[in-house]
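Below: one structure in structure tokens.
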Amino acid sequence: MKKFLIVLLHLIGFPALLGVVVWQSIPVIENGGSYGIMAYLGIILTAALALIYFIIVIIMACRKKMSVYRQTFVSIIVSAVFLCGLWVAIDLYVPDFLAGATSSTIYYEDVTEEYINRVETQKYLLDEFIKRNVACGNLTKMTEEEYLAEGYANAEVQELAATQFADIDAGYQSFFPAPWINMANDSRLTIPVLVHLLFEERLDDDGEPVDWCILDMQGTPMEIGVGELPTMITALIESAQEPFLKPLFESVSVFIADPEVVGSPIFISLKTTDGLTIVLTPSNESRGVLDYQSMAWFNSNGLLIAVAGVMGLRKFFLIWAPILIVGLYAIGLLRKKKPSDEESEADSGKKTGNGGGFDPNANRYANPQFKLQQNEIMRYSQGPSSYVVMSGNAQPNYGAMSAQLMVDRQNNVASKYRDSDFR
Amino acid sequence: MTLFFNLYIIVTLRNFFKEIEFSMNNVRRKHSMYRILKTISYLAGFPLFIAMVVIGSMEFMSGAAFGETKWNGVYVAFLIWAIITVLQIVFSLFCKNYKGRTMFAIILVIVFMTGGAFAFDIYAKGVIEDVAEEYKNTGVTVKDFTYQVNWYVPFSDKGGMASSLKSKLDNFTSTYNIGYGGSGYGSNADGTESKDNENGAPINPNGLYKDGYVFSTPEAMDILITYYTVQDKFKKAGKDADKELEKAIEKLQSNSSSEWNKYKRTSEYTDAYGKNGEAYKYMLSLERLEVIIGKLGGTLSSAKNADGMYVLKGLLEMKIPFTTTTVADLITGFLKDKDGNVLLTAEELASLITASLSIDDILPIINALDLFDGMVLTEDNIMDLLSDFIYYQMPTIKPVFYFIDDADLKAYAYAKYAGQVHGAVVGSVLIPNSSGRIGQVTFEANGKPASEAFSLGQIYQLKADLEYQPKLFPLFAARRYMYIFSAIVCLGLILAYHFGNKEKKLFKEIYEGTGR
């Protein structure tokens, strides 16, 4: 029975944790499976820690001289470090590191509790990238469904992702060292900033004009509200959309793509609901590219999926830490009941007390715990009883002394005598 | 009898040992009790003092006003504790007597806590008086030390001065869309290095701010104070500072032998703004504007729809819904001069839109339409008109107002440029321009009306308050509890030493078995 309990307690430790980790990693594998081993990093980490832990436990069990107490203590320390201490260190250092590595676009909190949302977002980026490139003709060898099924495992997708990111990244870097793009990203897009972003001369590393503009970096259409117009003007615009305005704006987008103008096409359209709104749409979709931030994330998709897969385990590790510690403590207690364990404890030289301190449970006659001063002895008494103070060379008349003590006891008298009273 | 006696001795000795054991338990209980009392006594001293200083500093934990100084009171409390503790330890190496150690510790408390608080009062009073003296002619109110030391964070359930400072500062920063500390978004567009001024603001070689720099609160206050004080100065002299500035710039620009025009002939300037100048990499030049207009003209004139019809022609021929008027008629109706005469028809206008369209074709029409209240546009002044949006001031090139002789007017020009032009670029307009808005004037927001701008008096008051209150108020928290806790810490130390001594004696008794 004891052995069964010990085995059970071992099983609810790392093995059970590994099971939970596998279960909770299913969304990571489903969304990031095409990234190979990256999606399994959380499981691999847990298995590695479990393996190290069991190796330590087995080595300790094989060492006869190591007491059960010490084995239990070491096992608990190892579990606490692996399941709790590791995450304390990660909590201290990884948040700043992650924010810095992702230019404050992904935070620590996004990948711990929100890890499923994060991996789903990364999967969405991959799918969206594939769909856009199938639609614009960059991916032609298979159907869209086939590309989506293979995901990042497809070599063509990998190559295209690297090329596209390098291209838009070169475009993004060309905005620096000027401050304009950072201002635009921080709600400081003023007219002068927009003019700088659109019309400043930007060259790539080869000295060629960059063919990406600020709207491509943001990836979302920009809407400029004109305001309410008379009904007939609105009706005029609506009737002119198909025959004239659309072809006109198509020509204008080609004009805008001219390196002398903006360098990247911007598609113009008009909306007439709630007044007239001019909509400026970037060319990301038509070129099979996401916005810059998404492309940067996408470029590190494998790493981000791995990070989310590992960081998402934080909660389970912290929950399992006390469970494992309690289980190990119980194992220690169960193992400690064996008589051989008590002997080995005694053999390890463990002493009671604190080097001479009083221990009321010790055998006072076998192991005297205090020296008695022979010069003066004082008896403390709570009840009414007489006592005799004996001096160093006391030679009282014991008969008289004991007689007196008996009399006092019978009469409930409490007196103090000295040995000299009975000479 | 002997047997009886022996039995009695055995019983007595057994009782004796039991009572020794009982008495030892009693001693152990007393030992534990003194240890607990010693700990409680000590905790009621310095640790409680520090805890109260932390609580008293909570008011400073939020808001930007005390961002850098919020923990200063707590640091002082910890420092006092550390110093006294270290000195106690050192003294204990020489003095084994607990009464001597107690006396020494109490003296340290009096010196560092009571004496320290008293010395701080003298220092703080001096600081406040200095600030009051500095701002005495500006209408600023600086309450005296005895008022502030109570009302900085009052015990009563009433708003204190710290809370008032925080809300004033928050109001200032939100009005002008700035932070307490300045911020930047990158380097100058051309990579030129800048240097920090005394407020930490990055200044280019030409005296203007670095590209993308958003003002800190101290810097913004200095700009506004310069702007308002020079305006007032000119007003008192019966002049308008803006008009004087305009005159000074006009004089520099029109006089061919002015320092400005001499500067414009130097290689430094022509390399930047001459033909194929460096500055045109970062701005829209007139030449590039001409090219863009020509290409746009070509694009519009050649655009055809799916039926092969020219789009511009088709648009002009469209009838406006619910009317018999064509688009051409509508546009022609707008192309009239101020006397109502038709300048040209829509078809004639459309015929101008070709690949050879230029600014010279557009300017006469704009001038005839009188779109700018009598202002006649030329190729030169059109760039000036658009300069707020498309011009790039190279960091190494001096602006025209650099050459103004009048020091006040020059300072005014720099302040006005910073608050209006630089502020408009970064979305933190300090001085309203023609739009009449300040603060966050961007695509996402429309700023605030100029009526919400801070007056000179308000700015001086905020500046004076920020000069000393963030520094002193957290220290007031430490000072308040230094006075309150001096006696408590003394008492705590006395009791701690006393109970400690008792504990030590009982421990010796337990350890060595010495009876009493």
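All chains are named by letter (A, B, ...) in the order of the sequence lines, taking the proteins before the strands, and each is independently numbered beginning at 1. Nothing here was measured: the structure is a model prediction, and the numbers come from that model.
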Discussion item. How long is the straight-line distance from CZ of F199(A) back to CG of L194(A), given to the nearest 0.5 Å?
Written reply: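 Answer rounded to 0.5 Å: 8.0 Å.
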
Fill in: Which portion of L315(B) sits near chain A, non-hydrogen atoms under 4.5 angstrom
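L315(B) touches chain A through backbone and side-chain heavy atoms alike.
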
Fill in: Between F267(A) and F249(A), ring centroids under 6.0 Å
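Between F249(A) and F267(A), which both carry aromatic rings, the centre distance is not below 6.0 Å.
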
Fill in: Contacting moiety of D190(B), where chain A heavy atoms sit under 4.5 Å
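Neither; nothing under 4.5 Å.
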
Discussion item. Can you classify the ring geometry of W180(A) versus H196(A) as parallel (below 30°), tilted (30 to 60°) or perpendicular (above 60°)?
Written reply: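 If you compare the ring of W180(A) with that of H196(A), the planes turn out parallel.
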
Practice prompt. Would you please test K246(A) and E250(A) for salt bridge (charged side-chain N to carboxylate O under 4.0 Å, His left out) and show each step?
Written response: CA-CA 6 Å; K246(A) 269 193 180 166; E250(A) 280 168 13; over 6 Å; no

Discussion item. Does any backbone or side-chain atom of V291(B) lie under 4.5 Å from a heavy atom of chain A? Answer side chain, backbone, both or neither.
Written reply: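 The side chain, not the backbone.
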
Worksheet item: Which atoms of Y280(B) come close to chain A, meaning under 4.5 Å heavy atom to heavy atom: side chain ones, backbone ones, both, or neither?
Response: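 Looking at Y280(B), nothing touches chain A.
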
Discussion item. Would R202(A) pass as a cation-pi partner of F175(A), given that its NZ or CZ must be under 6.0 Å from the six-membered ring centre and within 45 degrees of the axis?
Written reply: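 Yes, cation above the ring, under 6.0 Å and within 45°.
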
Worksheet item: Checking D211(B) against chain A: side chain, backbone, both or neither under 4.5 Å from a heavy atom?
Response: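 Answer is both: backbone and side chain atoms of D211(B) are under 4.5 Å from chain A.
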
Worksheet entry | Presence of salt bridge, E223(A) and K271(A), under 4.0 angstrom |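 Result for this pair is yes, salt bridge flagged.
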
Worksheet item: What part of I233(A) lies closer than 4.5 angstrom to a heavy atom of chain B: side chain, backbone, both or neither?
Response: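 For I233(A), the contact with chain B is made by the side chain alone.
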
Worksheet item: Side chain, backbone, both or neither: which part of L312(B) has a non-hydrogen atom closer than 4.5 Å to chain A?
Response: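 Looking at L312(B), nothing touches chain A.
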
Worksheet entry | Among the listed options S302(B), G212(B), A189(B), the residue most often paired with chain A at heavy-atom distances under 4.5 Å |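 The answer is A189(B).
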
Worksheet item: Of the backbone (N, CA, C, O) and the side chain (C-beta and beyond), which part of F176(A) lies under 4.5 Å from a heavy atom of chain B, both, or neither?
Response: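 It is neither, since no heavy atom gets under 4.5 Å.
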
Worksheet item: Where does A445(B) contact chain A at under 4.5 Å (heavy atoms): side chain, backbone, both or neither?
Response: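 Contact with chain A is absent: no heavy atom of A445(B) under 4.5 Å.
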
Worksheet item: Which answer fits I181(A), side chain, backbone, both or neither, if we ask what part of it has an atom under 4.5 Å from a heavy atom of chain B?
Response: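 I181(A) has no heavy atom closer than 4.5 Å to chain B.
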
Fill in: Atom group of K319(B) that falls short of 4.5 Å from chain A, counting heavy atoms
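Just the backbone, heavy atoms under 4.5 Å.
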
Worksheet entry | Contact origin within S428(B) toward chain A - heavy atom pairs under 4.5 Å |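 Contact with chain A: backbone and side chain both.
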
Item to complete: Please flag which part of V214(B) lies under 4.5 Å from any non-hydrogen atom of chain A: side chain, backbone, both or neither.
Response: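 Interface part for V214(B): side chain.
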
Worksheet item: Between G186(B), G427(B), A424(B), P321(B), which shows the greatest number of heavy-atom pairs under 4.5 Å with chain A?
Response: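 The candidate making the most pairs under 4.5 Å is P321(B).
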
Item to complete: Go through M309(B), K210(B), M318(B), M283(B) and name the one with the most non-hydrogen pairs under 4.5 angstrom from chain A.
Response: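 Greatest number of close heavy-atom pairs with chain A: M318(B).
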
Worksheet entry | Modelled atom types, side-chain donor and acceptor of Y185(B) and D186(A), under 3.5 Å |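 Side-chain D/A pair, Y185(B) to D186(A): present.
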
Discussion item. Show, in sequence, the C-alpha distance, side-chain angles and deciding distance for T332(B) and D329(B), and conclude whether the side-chain hydrogen bond (donor to acceptor under 3.5 Å, both in side chains) test is met.
Written reply: CA-CA 5 Å; T332(B) 303; D329(B) 295 335; 5.3 Å; no

Worksheet item: Side chains of Y417(A) and Q404(A): donor-acceptor distance under 3.5 Å anywhere?
Response: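 Yes - a donor-acceptor pair under 3.5 Å links their side chains.
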
Worksheet item: Between K304(B) and Y310(B), is NZ or CZ placed under 6.0 angstrom from the six-membered ring centre and within 45° of the ring axis?
Response: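 Verdict for Y310(B): a cation-pi partner in K304(B).
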
